[in-house]
Protein chains: 2
Amino acid sequence: MARTSKSAGKPTINDVARLSGVSKKTVSRVINRSPLLNQTTRQKVEQVIAELGYVPNPQARALALRRNFLIGLIHDNPNAQMVLNFQEGVLDAIRDTEFALVVRPVDRKSPGLLADISAFIMKQRPYGVLILPPVSENDAIAETCRELGCNYVRMGSARLDEPAHMVESNDRQVVGHAIEHLAQTGHRRIGLITGPVGFRSATEREAGFDEAVARLGLDAGAELKAQGNYTFESGLAAGARLLDATPRPTAIFASNDEMAAGVLHAARERGIRVPDQLSLVGFDDTAIAAHIWPPMTTVRWPIVAMARSAALKLVNPEAAAQQPSLFLSDLIPRASVAPPAA
Amino acid sequence: MARTSKSAGKPTINDVARLSGVSKKTVSRVINRSPLLNQTTRQKVEQVIAELGYVPNPQARALALRRNFLIGLIHDNPNAQMVLNFQEGVLDAIRDTEFALVVRPVDRKSPGLLADISAFIMKQRPYGVLILPPVSENDAIAETCRELGCNYVRMGSARLDEPAHMVESNDRQVVGHAIEHLAQTGHRRIGLITGPVGFRSATEREAGFDEAVARLGLDAGAELKAQGNYTFESGLAAGARLLDATPRPTAIFASNDEMAAGVLHAARERGIRVPDQLSLVGFDDTAIAAHIWPPMTTVRWPIVAMARSAALKLVNPEAAAQQPSLFLSDLIPRASVAPPAA
DNA sequence: TTGTAGGCGTTATCAT
DNA sequence: ATGATAACGCCTACAA
C-alpha cells in the first residue's frame with residue numbers, strides 16, 4: 001500500500017493531511033491540541049498519524065515558531081556527579097516534552113569565556129540556558145544572556161539574581177548546622193578549610209562557619225583556618241597545616257569532599273586516627289565521601305530537585321512562579337564524626 | 001543607522017543580501033565557503049556579516065538541508081566521570097563547528113528502553129548518536145538506530161560492531177597486564193571480583209584475568225572468584241567472601257574501582273592492611289581511586305581520545321576512515337600493590 | 001561568477 | 001470548525 005505519496009523519507013504533515021482528507025492546518029491543530037476542533041476530525045487525523053508513524057519535524061517547527069526547544073546547560077565541571085545529577089533532574093522535568101538538553105562545558109579561566117558563551121547562544125539559539133556553579137556566579141554571563149535575549153536560570157550557593165533566574169541552596173545555614181553538630185558532639189576547637197578565593201560557595205561556607213563559631217562560642221583564630229581550592233591536593237596541604245598546629249583542632253570542616261579526603265590523608269600520614277582523634281566533615285556528598293574509610297559525614301545539595309525546578313522555570317513560565325528558588329541542603333551523618341579524645 | 005530593515009529580531013540572510021547588494025544565494029555561498037566566488041564579493045559580504053553580527057539560523061539550515069547538527073549522547077550513567085570526560089572529548093571534536101551535543105540518559109533496565117531511544121531519535125532527528133557502555137552493548141539499540149536511519153558510534157570494551165561504528169578499548173589485554181604486574185610483584189594467588197553478569201566489560205575483564213592466570217601458571221580455582229555488580233556494596237560483599245577464604249589471596253583485582261573500594265573496606269574491617277597484606281587493583285581510574293588510602297593502582301581508558309574519535313566518525317566521514325577504533329588503556333601504578341607478605 | 005524560482009515542514013493570518 | 005495563502009530563513013536547481 002502507499003504509505004506516503006513520495007515513498008522516500010519520513011511522512012510529513014502533508015501526507016497526514018492528504019490521507020485524512022483535511023488541510024495541513026487542521027493537522028497542525030491536532031498536533032498542537034487546539035481546543036476548537038471537531039472530535040471526529042481529531043480522531044480521524046490522530047489515527048492517520050498513528051498509522052503513518054508521523055512525528056512533527058522539530059526543525060520546521062522551530063523555524064515557524066521562531067524559537068527552538070533546546071535547553072543549554074553551561075558548566076565548568078564543578079564535580080562530575082553534580083553535573084550528571086543535574087542533567088538527570090532536567091531530563092526529568094522535560095521528559096515527554098519536545099525539549100532536549102544541550103550541554104556546553106566551558107572554561108571559566110579562559111579569556112574567551114564570554115565570547116564562547118555568546119557564540120553558543122547565537123549559534124544554537126537555545127530556548128534558555130541553565131548555568132551551574134562556579135560559572136553561574138559570574139554576573140557578566142547573566143548579563144550576556146540578557147543582552148542576547150536568552151532566558152536563563154543560575155544555580156548557586158546564595159541568591160545571585162532574581163528568584164525567577166535562580167535555584168539556590170542554603171550553604172551558609174547548613175554549614176552552621178554542621179558546626180553545631182560537631183559542637184554537640186563535644187568539639188570546641190574546629191578547623192576550617194576554605195574554598196578558593198572568589199567562589200561564592202566558598203565565602204558562604206566560610207560565613208556559615210564563622211557565624212556558628214561565634215554563636216556557639218567555639219575557639220576561633222586564624223590558625224584554625226587554612227586556604228584550599230577544592231582539590232584533593234589543596235586539602236592535603238591545608239589539612240597538614242591545620243594538623244601540625246599546636247594545639248591542633250579536634251575536628252575539621254572542609255568546604256568540599258575532595259579536600260576532606262585530602263585532610264584524611266594528611267591525618268593518616270601523621271598517625272592521627274579519624275574519627276577517634278579527629279572528626280571530619282565534608283561538603284557535596286560525592287561518591288568518595290561514602291566510600292572512603294571511615295565513611296564521611298558531609299552535606300548534600302538536593303541537586304536533582306534543584307535541576308528539575310530550574311528547568312521548569314525555563315520551560316514552563318506558568319509553573320515557574322510556583323517553583324521555589326531556595327532549596328535546603330541536608331547534613332548526612334556518617335562515621336567520620338565522634339566525640340573528641342579525652 | 002539602520003542596522004536591519006525590520007529593526008526587530010536577529011539579522012537574516014536577507015538583511016545581509018540587501019545591505020551588501022547581492023542576492024541571498026551569494027550570501028549563502030559565502031556562508032558555505034563555496035569556491036566559485038569573486039574575492040571582492042566575498043569580502044564585501046563578509047564585512048556586512050561582521051557589521052551586522054549575522055549568524056545563520058541553524059533551524060532554517062537544518063530544514064533546508066534536511067538534517068540537523070545535533071549529536072545525541074545516549075548513556076545509562078556508567079560512572080559520572082566517564083560520561084563527563086566523554087562529553088569533553090566530543091565537545092573538543094566539534095568545537096567551532098555548528099554541531100551541538102544533546103544528552104539523553106536512559107534506563108537500561110526499563111522495558112521501554114528501545115521505545116525511549118526511538119522516540120528520542122524520531123523527535124530530535126539527531127545527526128547521529130554516540131552510545132556509552134553499558135547500553136552500547138545492547139545490539140537491539142544499534143539495530144533500532146539502523147532502522148531509523150540514524151548513524152551511530154558505540155563505545156565498548158570489545159568490538160561489538162564494525163569499526164565505523166565503534167571505539168573500543170582493549171580491556172582483556174590490559175587486565176592481562178595488570179595481572180602480570182601483580183605476578184611480577186610476587187603474587188601467585190590472585191582473586192578476581194567480576195562485574196555483573198551480562199556486561200561485556202565484565203566478561204572481557206574476566207577473560208583477561210583467566211588468560212593471564214593460565215599463561216602465568218598462577219593459582220586458579222572458583223574460590224578465587226567472587227561475583228560483583230560494579231557497586232561499592234557488591235565489592236564489599238565479594239571482598240569479604242574472598243578474604244574469609246583459607247588460604248586467602250594475596251592480591252585482588254576488582255573489575256572496577258567502586259568494587260575495589262569496597263574490598264578495601266572489607267580488608268580494613270578484618271584488620272588486613274593494604275598493601276602490606278593485600279594488594280589491590282581496580283579499573284576505571286575514577287576520582288576515588290586516587291583519593292582513597294592507599295592510592296589505588298588501576299586501569300584507565302583513554303576516554304577523551306575515544307570520545308573525540310567517536311565524534312569524528314559521526315561528523316566527518318572523510319576523517320572517519322583515519323580514525324582508529326581500538327584504543328589502548330593504561331595501567332596506572334599507585335600504592336595499593338606491594339610484594340606479598342613473606 | 002551571480003541571480004531567480006521554488007521548496008524544506010511547520011505555523012499564523014484571515015477568511016469562510 | 002476548517003481551509004487557502006503567506007510567512008519562517010535557508011538551500012538546491014537551473015538559468016543567465
Side-chain angles (χ1 to χ4, degrees), chain A residues 4-6 8-46 48-49 52-70 98 122-125 127 149, chain B residues 4-6 8-46 48-49 52-70 98 122-125 127 149:
Chain A
T4 69
S5 62
K6 314 171 184 176
K10 320 257 167 64
T12 74
I13 199 171
N14 290 306
D15 299 316
V16 177
R18 188 167 27 71
L19 264 63
S20 46
V22 300
S23 73
K24 292 161 56 161
K25 184 58 200 175
T26 298
V27 178
S28 175
R29 289 197 177 94
V30 172
I31 297 171
N32 294 288
R33 316 190 165 286
S34 162
L36 22 78
L37 246 182
N38 186 311
Q39 274 304 325
T40 320
T41 314
R42 161 165 319 205
Q43 287 173 4
K44 186 175 53 183
V45 172
E46 278 174 346
V48 173
I49 287 178
L52 244 43
Y54 164 73
V55 178
N57 179 318
Q59 277 72 42
R61 267 173 72 76
L63 182 58
L65 290 168
R66 274 180 287 310
R67 72 199 150 99
N68 68 20
F69 296 94
L70 300 178
E98 55 199 329
M122 293 198 298
K123 275 187 181 168
Q124 299 302 141
R125 313 226 177 160
Y127 189 92
Chain B
T4 70
S5 62
K6 316 171 187 177
K10 322 260 165 64
T12 75
I13 197 172
N14 290 306
D15 299 316
V16 177
R18 187 168 26 75
L19 264 62
S20 47
V22 301
S23 73
K24 291 160 57 165
K25 182 57 205 175
T26 298
V27 179
S28 174
R29 288 196 177 95
V30 172
I31 297 171
N32 294 289
R33 319 190 161 285
S34 162
L36 23 74
L37 247 184
N38 185 313
Q39 273 305 325
T40 321
T41 314
R42 159 165 321 207
Q43 287 174 3
K44 184 175 54 182
V45 173
E46 278 173 344
V48 174
I49 287 179
L52 244 42
Y54 165 72
V55 178
N57 179 319
Q59 277 73 42
R61 267 174 74 79
L63 182 58
L65 288 168
R66 271 175 237 69
R67 70 199 152 99
N68 67 22
F69 296 94
L70 300 177
E98 54 197 329
M122 293 196 300
K123 274 187 183 166
Q124 299 303 141
R125 317 234 173 149
Y127 189 92

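Residue numbers start from 1 in every chain, and the chains themselves are labelled A, B, ... in the order their sequence lines are given, proteins ahead of strands. These numbers were taken from a predicted model, which means no experiment stands behind them.
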query = Given that B:R66 and B:T41 both sit by DNA chain C, which one's nearest nucleotide is further toward the 5' end?
reply =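 The residue mapped nearer the 5' terminus is B:T41.
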
With sequence neighbours excluded, what pairs up with [X] under the side-chain contact (heavy atoms from CB on, under 4.5 Å) test?
X: B:Q59; value: A:A62, A:N68, B:N57
X: A:R42; value: A:L37, A:Q39, A:E46
X: B:A64; value: none
X: B:K123; value: A:V55

inquiry  = Quick one, A:L70 and B:L70 - any side-chain contact, counting heavy atoms below 4.5 Å?
reply    =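 Heavy-atom side-chain distance check passes, below 4.5 Å.
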
request  = State, yes or no, whether a side-chain contact exists between A:Y54 and A:V48 at a heavy-atom distance under 4.5 Å.
outcome  =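 Sidechains of A:V48 and A:Y54: no contact.
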
Check side chain to side chain donor-acceptor pair (under 3.5 Å) between [X] and all other residues, then give those that pass, not counting sequence neighbours.
X: A:N14; value: none
X: A:S23; value: A:T26
X: A:S28; value: A:N32

request  = Could you check which of C:dC8, D:dT2, D:dC10 has an atom nearest any side-chain atom of A:L36?
outcome  =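 Shortest atom-to-atom distance from the side chain points to D:dT2.
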
task = Measure from the side chain of B:S23, starting at C-beta and using heavy atoms only, and say which of D:dT2, C:dA12, C:dG3 lies closest.
result =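 The nucleotide sitting nearest to the side chain is C:dG3.
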
key: A:F69: ring-ring contact (aromatic ring centres under 6.0 Å, His included) partners, not counting sequence neighbours   =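 Scan of A:F69 (ring-ring contact (aromatic ring centres under 6.0 Å, His included), adjacent residues dropped) gives A:F99.
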
Whole-Å gap separating [atom2] ([N]) and [atom1] ([X]):
X: B:R67; N: D:dC11; atom1: CZ; atom2: P; result: 11 Å
X: A:N68; N: C:dT10; atom1: CG; atom2: C1'; result: 14 Å
X: A:N57; N: D:dG9; atom1: CG; atom2: C1'; result: 14 Å
X: A:I13; N: C:dG7; atom1: CD1; atom2: C1'; result: 16 Å
X: A:I49; N: C:dG9; atom1: CD1; atom2: P; result: 16 Å
X: A:Q39; N: D:dT2; atom1: CD; atom2: P; result: 10 Å
X: A:E98; N: C:dT10; atom1: CD; atom2: P; result: 12 Å
X: A:K24; N: C:dG7; atom1: NZ; atom2: C1'; result: 11 Å

task = Return each pair, listed once, that meets salt bridge (Lys or Arg N to Asp or Glu O under 4.0 Å) where at least one residue sits in residues 59-70 of chain B; pairs must be two or more places apart or across chains.
result =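 Salt bridge (Lys or Arg N to Asp or Glu O under 4.0 Å) check on residues 59-70 of chain B returns B:R61-B:E98.
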
message = Just to be sure I understand the geometry, which residues of residues 26-35 of chain B put a non-hydrogen atom under 4.0 Å away from DNA chain C?
response =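 Within this stretch, B:T26, B:R29 sit under 4.0 Å of the strand.
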
ask   = Would you say the base of C:dA12 and the side-chain of A:K25 have a donor-acceptor pair closer than 3.5 Å?
value =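 Indeed, a donor on one side and an acceptor on the other fall under 3.5 Å apart.
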
key: Degree of bending, the helix from C:dT1-D:dA16 to C:dT16-D:dA1 (end axes from five pairs; round to 10°)   =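 About 30° separates the two local helix axes.
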
task = Give me the residues of residues 58-65 of chain B where at least one heavy atom lies under 4.0 Å from an atom of DNA chain D, by number, or none.
result =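 Nucleic-acid contacts, sorted: B:A60, B:R61, B:L63, B:A64, B:L65.
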
key: Separation of A:R29 CZ from A:L36 CG (nearest 0.5 Å)   =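 The distance works out to 7.0 Å.
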
